[in-house]
Number of protein chains: 2
Amino acid sequence: MPTRSITELTTLATDALVRAGARRAMAESTARALVAAEAQHLSSHGLSRVPQYCAHLASGRVDGQAVPRVQQTRPAALLVDAADGFAFPACELAVQEAIRSARACGAAFAGVTNSHHSGAAALQLAPVAAAGMVGLAFSNSPGAMPAWGGKRPLFGTNPIAAVFPRRAQGIDQSPLVIDLSLSKVARGKLMVAKQEGRSIPEGWALDKDGNPTTDPAEGMEGMMLPAGGVKGAMLALVVELLCCALTGAAFGFEADSFFPAEGNRPRIGQAFLVIDPAALAGGDVFHARIETLVEAMLVDEDVRLPGSRREALADRAVLEGIAVPDALLAQLEALA
Amino acid sequence: MPTRSITELTTLATDALVRAGARRAMAESTARALVAAEAQHLSSHGLSRVPQYCAHLASGRVDGQAVPRVQQTRPAALLVDAADGFAFPACELAVQEAIRSARACGAAFAGVTNSHHSGAAALQLAPVAAAGMVGLAFSNSPGAMPAWGGKRPLFGTNPIAAVFPRRAQGIDQSPLVIDLSLSKVARGKLMVAKQEGRSIPEGWALDKDGNPTTDPAEGMEGMMLPAGGVKGAMLALVVELLCCALTGAAFGFEADSFFPAEGNRPRIGQAFLVIDPAALAGGDVFHARIETLVEAMLVDEDVRLPGSRREALADRAVLEGIAVPDALLAQLEALA
């Protein structure tokens, strides 16, 4: 695979999005986020999204000229309207304002409405960790999972992410980064099984009538099942309510899938919580407690600190660039 | 089973706790919470805890004279020190202050440190829903689950709860109440399997050396496995960090089990987030969005709104009282 630098890929993705109709600042913010995901090998949230996003600009599912704005603000809560643009500039604004509010008030909650695919949720929290604060991120997504006991796709796979900054012996360390979606497995696993002609285990998916299936093609037309059964379904409901009821955004079942070029403006929602450790037991206690837990976790040699692998990949990408499949690179160059 | 009114049972539990050494206000707050759980048929967090709590007072694991106090406060964040008393008065104080802060600032985060067993987490959020606000609650608990890939019990089963108030056609409805712990199954299921001489499915528990087991006795000496595999383990880590790193409380692996009378002062932590819908898209949008989702959920006849069954049980308990097993009632009467 050919290798390109982060700068080269960011320019390429930006140019493709601008040419498809995005204003430059929106394109840059979006390109940065997709390249950051690609650098961490999160390829389903990386550069493979550029052609899809360009198609959404062309079909009008995304308004490339949208400017996100803070619609409502209180000392520790705010709502950002993404105005049918890409999610990234709106989420950046929400996170930046939440950090400012949390510094002043100790904690802050920010919602984003009229939004779009927000990719790898943990990446949006990087500025929170850099500010020495704790962050949680939530997003809903187009309907892919049933409510518990249900037979139709109401909730998205609804990612939850968290960052906790680390400092040991006075030196900043890579933060702990947790990032997961609430389906038992990603839809991509069904796609791979289908390509390879394999069946899937029961418990991964339902067909379009809500019956259990081991056929990946039926599963892709149907629904994903939640991680942890009823518990994952209930957490997905919580994410829908945090991201949509509080913000006015569209629920998963109201948003068309991101995969086709055609469909509605998804208008889904995101939510962020930022907490300043200084406002509770204080930074010194916070860091000492985290290091105590990290030490206990690392006694077992098979335990890995969440985020460490991604961080190492991101560091390597800065030095060595990112390998991109030929076909994708050619597609990006054609779009740019 | 004999039936007693809520008032009778609250008085009985209060008297037992006072006689074992709790100051009256702490005993009353604790008794109210245990009776409320019993009314909702959450018997593992109900009156069966009274003898255990009395034993903790007697052994000094709980300080019956402790007075919780707000230790640190910022406009939207606060820390309550439970001071080694029971969790309930401290959690009540934290929730009450968080509601006040959220009304002023739009959202607020409250931590509780040096705390104890907090029972059914959703019950502590009842005042949040009554105030028309959204609430989340988290607690860690004594070490019962390994980190992902680990072989020792580091994290508690770590409950997560959420409440979302409802209003339809201008009339207040029962809130949506989500309440779950992050182990695949409750330890109680192992206890029942052991009593009945049955084996347990693989994936529920590990033995004390961290190996998979289908023997419930080995599982009870060992560890519970997380709901949803790595996803549940990662969420349990997030709960530990929210409840302990921010507050200075003890991690799961530092707290002795609640079941024996002897052991350390557990000093675990709780955390609460309160959000005022008026601070984001506003109360009217919030309620309209929730009703839209509720309607979509109820199209499938097997879908139940979370919290509705508990609410019906609580309502019935007010009218008809609560049936209590003879042996437990006799034990309570002896303690009182």
Side-chain angles (χ1 to χ4, degrees), chain A residues 72 74-77 79 104-109 111 113 134 146-152 154 160 162 164 176 178 180 184 227-229 231-232 234-235 237-238 240-242 244-248 251 253 273 275-277 279-281 285-286 289-290 292-293 296-297 299-300 302-304 306, chain B residues 72 74-77 79 104-109 111 113 134 146-152 154 160 162 164 176 178 180 184 227-229 231-232 234-235 237-238 240-242 244-248 251 253 273 275-277 279-281 285-286 289-290 292-293 296-297 299-300 302-304 306:
Chain A
Q72 159 82 339
R74 295 274 290 275
L79 177 61
C105 295
F109 181 86
T113 187
V134 168
W148 191 246
K151 288 178 175 293
R152 65 200 71 228
L154 288 191
I160 297 179
F164 296 87
L176 299 174
I178 292 97
L180 54 95
K184 178 144 185 165
K231 298 186 180 192
M234 289 300 164
L235 290 172
L237 170 61
V238 170
E240 291 286 337
L241 292 168
L242 289 177
C244 307
L246 285 167
T247 68
F251 292 115
F253 73 93
L273 173 66
I275 309 162
D276 185 356
L280 290 117
V285 169
F286 174 79
R289 288 272 71 198
I290 288 199
T292 297
L293 185 59
M297 288 172 71
V299 168
D300 285 322
D302 291 338
V303 173
R304 215 177 57 193
Chain B
Q72 160 82 340
R74 295 274 290 276
L79 177 62
C105 294
F109 181 86
T113 187
V134 168
W148 190 246
K151 287 176 174 297
R152 64 200 71 227
L154 289 189
I160 297 179
F164 296 88
L176 299 175
I178 292 97
L180 53 96
K184 179 142 185 167
K231 298 186 180 192
M234 290 300 164
L235 290 173
L237 170 61
V238 170
E240 290 286 339
L241 292 168
L242 289 177
C244 306
L246 285 167
T247 68
F251 292 115
F253 73 93
L273 173 66
I275 308 162
D276 184 357
L280 289 118
V285 169
F286 174 79
R289 289 271 72 199
I290 290 198
T292 297
L293 186 58
M297 289 172 70
V299 167
D300 284 322
D302 290 340
V303 173
R304 216 176 57 193

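Throughout, protein chains are lettered first and strands after them, A, B, ... in sequence-line order, and every chain is numbered starting at 1.
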_Non-hydrogen atoms of A/Gly111 and B/Leu280 that approach each other most closely_ = N-CD2, 3.7 Å

*Could you tell me which portion of B/Val238 (side chain, backbone, both or neither) has an atom closer than 4.5 angstrom to a non-hydrogen atom of chain A?*
both

*What part of A/Leu293 lies closer than 4.5 angstrom to a heavy atom of chain B: side chain, backbone, both or neither?*
both

*asked:* Only pairs of heavy atoms separated by less than 4.5 Å count here; which of B/Gly106, B/Ala227, B/Gly232 has the most with chain A?
replied: B/Gly106

*Under a 4.5 Å cut-off applied to non-hydrogen side-chain atoms, are A/Pro146 and B/Asp300 in contact?*
no

*Under a 4.5 Å heavy-atom cut-off, does chain B meet the side chain of A/Lys184, its backbone, both or neither?*
backbone

*Go through A/Ala162, A/Ala107, A/Ala147 and name the one with the most non-hydrogen pairs under 4.5 angstrom from chain B.*
A/Ala107

*Sort A/Ala296 into side chain, backbone, both or neither according to what part of it lies under 4.5 angstrom from a heavy atom of chain B.*
both

*Picking from B/Phe253, B/Phe109, B/Trp148, which has the most non-hydrogen pairs under 4.5 angstrom with chain A?*
B/Phe109

_Minimum heavy-atom separation for B/Cys105 and A/Arg74, please, with both atom names._
O-CB, 3.5 Å

*Contact origin within B/Ala279 toward chain A - heavy atom pairs under 4.5 Å*: both

*Heavy-atom distance under 4.5 Å to chain B: side chain of A/Leu242, backbone, both or neither?*
both

*What residue in B/Gly229, B/Pro277, B/Ala77 has the most heavy-atom pairs under 4.5 Å with chain A?*
B/Ala77

*asked:* So which residue, A/Gly228, A/Cys244, A/Gly248, A/Ala76, ends up with the most heavy-atom pairs under 4.5 Å with chain B?
replied: A/Ala76

_Nearest heavy-atom neighbours spanning B/Ala104 and A/Pro75_ = O-CD, 4.1 Å

*Over all heavy atoms of both residues, which pair between B/Met234 and A/Leu180 is shortest? Give the atoms and the distance, please.*
CB-CD2, 3.9 Å

*Measuring heavy-atom distances to chain B, does A/Leu246 have an atom under 4.5 Å in its side chain, in its backbone, in both, or in neither?*
both

*Shortest non-hydrogen contact from B/Val303 to A/Gly149?*
CG2-C, 3.8 Å

*Side chain, backbone, both or neither: which part of A/Leu241 has an atom under 4.5 Å from a heavy atom of chain B?*
both

*Can you say whether B/Thr113 sits under 4.5 Å from chain A via the side chain, the backbone, both, or neither, judging by heavy atoms?*
neither

_For B/Phe251 against A/Ile290, the heavy-atom pair lying closest together_ = CZ-N, 4.5 Å

*Which bit of B/Ala108 is near chain A, if near means a heavy-atom gap under 4.5 Å: side chain, backbone, both or neither?*
neither

*asked:* If you count heavy-atom pairs within less than 4.5 Å of chain A, which of B/Val285, B/Thr292, B/Ile160, B/Ile275 leads?
replied: B/Ile275

*Given a strict heavy-atom distance threshold of 4.5 Å, which part of A/Phe286 is in contact with chain B: side chain, backbone, both, or neither?*
both

